[in-house]
Trainee: 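Take a look at this one; I'll ask things after.
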Protein chains: 2
Amino acid sequence: MLEARLEQANLLKKVVDAIKDLVQDCNFDCNDSGIALQAMDNSHVALVSMMLKSESFSPFRCDRNIALGINLTSLTKVLRAAQNEDILTLKAEDAPDVVNLVFESAESDRISEYDIKLMDIDQEHLGIPETEYAATISMPSAEFQRICRDLMALSESVSIECSKEGVKFACQGDIGSGSVTLRSHTNVDKPEMNVEIDLTEPVSLTFSLKYLVGFCKASSLSGQVKLCLSNEVPLLVEYALANNSYLRFYLAPKIGDEE
Amino acid sequence: MLEARLEQANLLKKVVDAIKDLVQDCNFDCNDSGIALQAMDNSHVALVSMMLKSESFSPFRCDRNIALGINLTSLTKVLRAAQNEDILTLKAEDAPDVVNLVFESAESDRISEYDIKLMDIDQEHLGIPETEYAATISMPSAEFQRICRDLMALSESVSIECSKEGVKFACQGDIGSGSVTLRSHTNVDKPEMNVEIDLTEPVSLTFSLKYLVGFCKASSLSGQVKLCLSNEVPLLVEYALANNSYLRFYLAPKIGDEE
DNA sequence: CTCGTCCTAC
DNA sequence: GTAGGACGAG
């Protein structure tokens, strides 16, 4: 059986909000190392990969592998019932029909409990190869969000060019063109404002802004976002969470005429 | 060529916000004295006249007369990409296809650059005669905004009556009637709260509140607004900016049955 | 000053 | 129904 207690119901709320537009139904794969989720969007252009390590819960108990097939719209409805500071406990049997969510107010004077019916979901197993990326950019997640929104006013696509000079986000559209260039810099007082660029080879790739803007819904989960790029390989957008948990998005580049 | 650096990108943002509902496309006329804009609204009832003097920029360089025909919706989209404290530099060639906007963060670690395509706009040249007005009212811009909004709840039109007693904004509507009367007064500690009335002849005119409320979007540009009236002549609503720059709106009075 | 929400217009 | 702009709160 699964029993996982999350001090901040809010964390799951934000995670589900960030992925529910991409994926409708998916398995939450639970085992003793934590709860994982991997799914492609309908158009098979983007992939989301979530890992909530057992250390992010206290306590965490999961004896066997359990796949919880959940409709994210239903889960969203239930999670809306959580107050922001509520403690959330997820529970499921070994061969479950339902997953059980319990919300406790911090003062324990209020307990709400919900069961969500589970569904059988064909697990197309997604091997994501560990890649060495040619360029890795860390930057404030709010800044990345801002850039994507600004450029979306002009175009559907953005090119991300990373050289040792810095990283340039650029687009062309009907009304004109735009670009934002960032140089790496370090702010000792506010490390969340750092921009760090780690480059082994210059890269230049083009992506759909609509997807990137969608990924940016995760911005509130982490002050920093990491962009990992290699030519002709999907972009990795990673929001690191506490305890080595993470929320990652992969997005295939646009190629040739698509741009 | 034009190169004009504005310490506060915000200023242009507010100016464009205040006029974009009135005018869709218009020329920014640049010469060595600064950047000017004059345009009538579609119904030819209102006229907007902006003057940003060269002294409002540092540096400002414009060798020849250049007319930049800009779609204000496009310009708005680009200006939204400016952080509030960004420094804006406008650049254009002598016979330009595009105008180039560069936003620099104060720390200069972030540079965004946009090109907006220009359009050819027939310049219906508007000679605005310098008029001696019968009445000139200076008042807090927030107070004028408040009055216009309040009265718009009752009617589409407002009459502005100015005598040596004071100025009275009045309207009648289906649900009732309303009026606000101001007398001149001076507040030494807060000169922005002053109401000053300068009168050579009593006036009474009626105007569309919808337009006045629109003009009031400029309220954040200046603590005070100046209303200049003469009978049977368009009202002048002026927001004075630093360095003798200004944003002016003219509005034809309603006459006879229109009221 | 920024964020989130509400309301209005298309 | 969606998108954009206005307003109020933190």
Side-chain angles (χ1 to χ4, degrees), chain A residues 10 13-14 16-18 20-21 73 76 79-80 82-85 139-156 173-175 180 187 189-190 192-193 208-214 216-225 239, chain B residues 6-25 41-43 48 71-88 103-107 110 112 141-153 156 208-221 223 239:
Chain A
N10 220 249
K13 218 170 168 175
K14 289 177 181 173
V16 174
D17 268 349
K20 70 170 198 295
D21 290 341
T73 306
T76 301
L79 289 172
R80 286 187 57 173
Q83 316 276 103
N84 269 345
E85 300 310 314
M139 69 167 92
S141 55
E143 183 147 22
F144 181 58
Q145 184 170 38
R146 179 69 197 261
I147 290 169
C148 291
R149 285 186 186 170
D150 287 349
L151 297 183
M152 200 164 66
L154 301 182
S155 171
E156 294 182 345
D174 293 339
I175 69 171
V180 180
N187 183 325
D189 295 331
K190 297 180 183 170
E192 289 209 332
M193 295 305 290
S208 154
L209 278 165
K210 184 167 135 276
Y211 280 98
L212 294 181
V213 167
C216 287
K217 287 188 184 159
S219 296
S220 61
L221 283 164
S222 173
Q224 287 253 318
V225 63
Y239 296 88
Chain B
L6 193 60
E7 292 278 352
Q8 289 272 345
N10 221 250
L11 176 71
L12 187 63
K13 219 171 168 174
K14 288 177 180 173
V15 167
V16 173
D17 267 350
I19 64 184
K20 70 170 198 296
D21 290 341
L22 228 44
V23 182
Q24 284 68 54
D25 305 310
D41 83 303
N42 290 331
S43 59
V48 54
N71 173 278
L72 293 185
T73 304
S74 304
L75 182 56
T76 301
K77 284 183 184 173
V78 169
L79 289 173
R80 283 189 59 173
Q83 318 274 106
N84 269 344
E85 299 310 315
D86 276 0
I87 296 159
L88 165 62
F103 304 111
E104 285 170 76
S105 64
E107 304 82 17
R110 177 186 196 273
S112 350
S141 54
E143 183 147 21
F144 181 57
Q145 184 171 38
R146 180 67 198 261
I147 290 168
C148 291
R149 286 188 185 170
D150 288 350
L151 297 184
M152 198 163 66
E156 293 182 346
S208 153
L209 277 165
K210 185 167 135 276
Y211 280 97
L212 294 180
V213 167
F215 301 166
C216 287
K217 286 189 185 162
S219 295
S220 63
L221 283 164
Y239 296 88

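Everything numeric in this text was worked out from a predicted model, so none of it was measured. Lettering of chains follows the sequences in order, A, B, ..., and the numbering in each one begins at 1.
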Trainee: Considering only nitrogen or oxygen atoms on both sides, find all protein atoms under 3.5 Å from nucleotides 1-4 of chain C and state each distance.
Mentor:
| residue | atom | partner | partner atom | Å |
| --- | --- | --- | --- | --- |
| C:dC1 | OP1 | B:Glu85 | OE2 | 2.5 |
| C:dT2 | OP2 | B:Asn84 | ND2 | 3.1 |

Trainee: Below 3.5 Å is the cut-off: list the nitrogen or oxygen pairs between protein and nucleotides 6-10 of chain D, distance only.
Mentor:
| residue | atom | partner | partner atom | Å |
| --- | --- | --- | --- | --- |
| D:dA6 | OP1 | B:Lys217 | NZ | 3.3 |
| D:dC7 | OP1 | B:Arg149 | NH1 | 2.9 |
| D:dC7 | OP1 | B:Arg149 | NH2 | 2.8 |
| D:dC7 | OP2 | B:Arg149 | NH2 | 3.4 |

Trainee: For A:Tyr211, enumerate each residue passing the ring pair (Phe, Tyr, Trp, His ring centres under 6.0 Å) test, keeping only those at least two apart in sequence or located in another chain.
Mentor: none
Trainee: Within the supplied structure, the quantity of interest is the number of heavy atoms (other residues, nucleotides, ligands) at a distance under 6.0 Å from A:Arg149 CZ; does it exceed 12?
Mentor: no
Trainee: Would you compute the distance between atom CG of A:Leu212 and atom CD of A:Gln145 and round it to the nearest 0.5 angstrom?
Mentor: 11.5 Å
Trainee: Would the distance check show the side chain of B:Lys13 and the main-chain N or O of B:Ala82 forming a donor-acceptor pair, the cut-off being under 3.5 Å?
Mentor: yes
Trainee: Applying ring pair (Phe, Tyr, Trp, His ring centres under 6.0 Å), can you list everything that pairs with B:Phe215, at least two apart in sequence or on another chain?
Mentor: B:Phe249
Trainee: When rounded to the nearest 0.5 angstrom, what distance separates OG in B:Ser105 from CD in B:Glu85?
Mentor: 11.0 Å
Trainee: Which pair of non-hydrogen atoms, one from B:Val16 and one from B:Leu72, has the smallest distance, and what is that distance?
Mentor: CG1-O, 4.2 Å
Trainee: If only atom types and distance count, is the side chain of A:Ser141 paired as donor or acceptor with the main-chain N or O of A:Ser219 below 3.5 Å?
Mentor: yes
Trainee: For A:Asp17, check side chain to side chain contact (heavy atoms under 4.5 Å, CB included) against everything at least two apart and list the hits.
Mentor: A:Lys20, A:Thr76
Trainee: Please tell me if the side chains of B:Tyr239 and B:Val15 come closer than 4.5 Å, counting only heavy atoms from C-beta onward.
Mentor: no
Trainee: Could you write out each protein N or O paired with an N or O of nucleotides 1-3 of chain D at a distance under 3.5 Å?
Mentor:
none

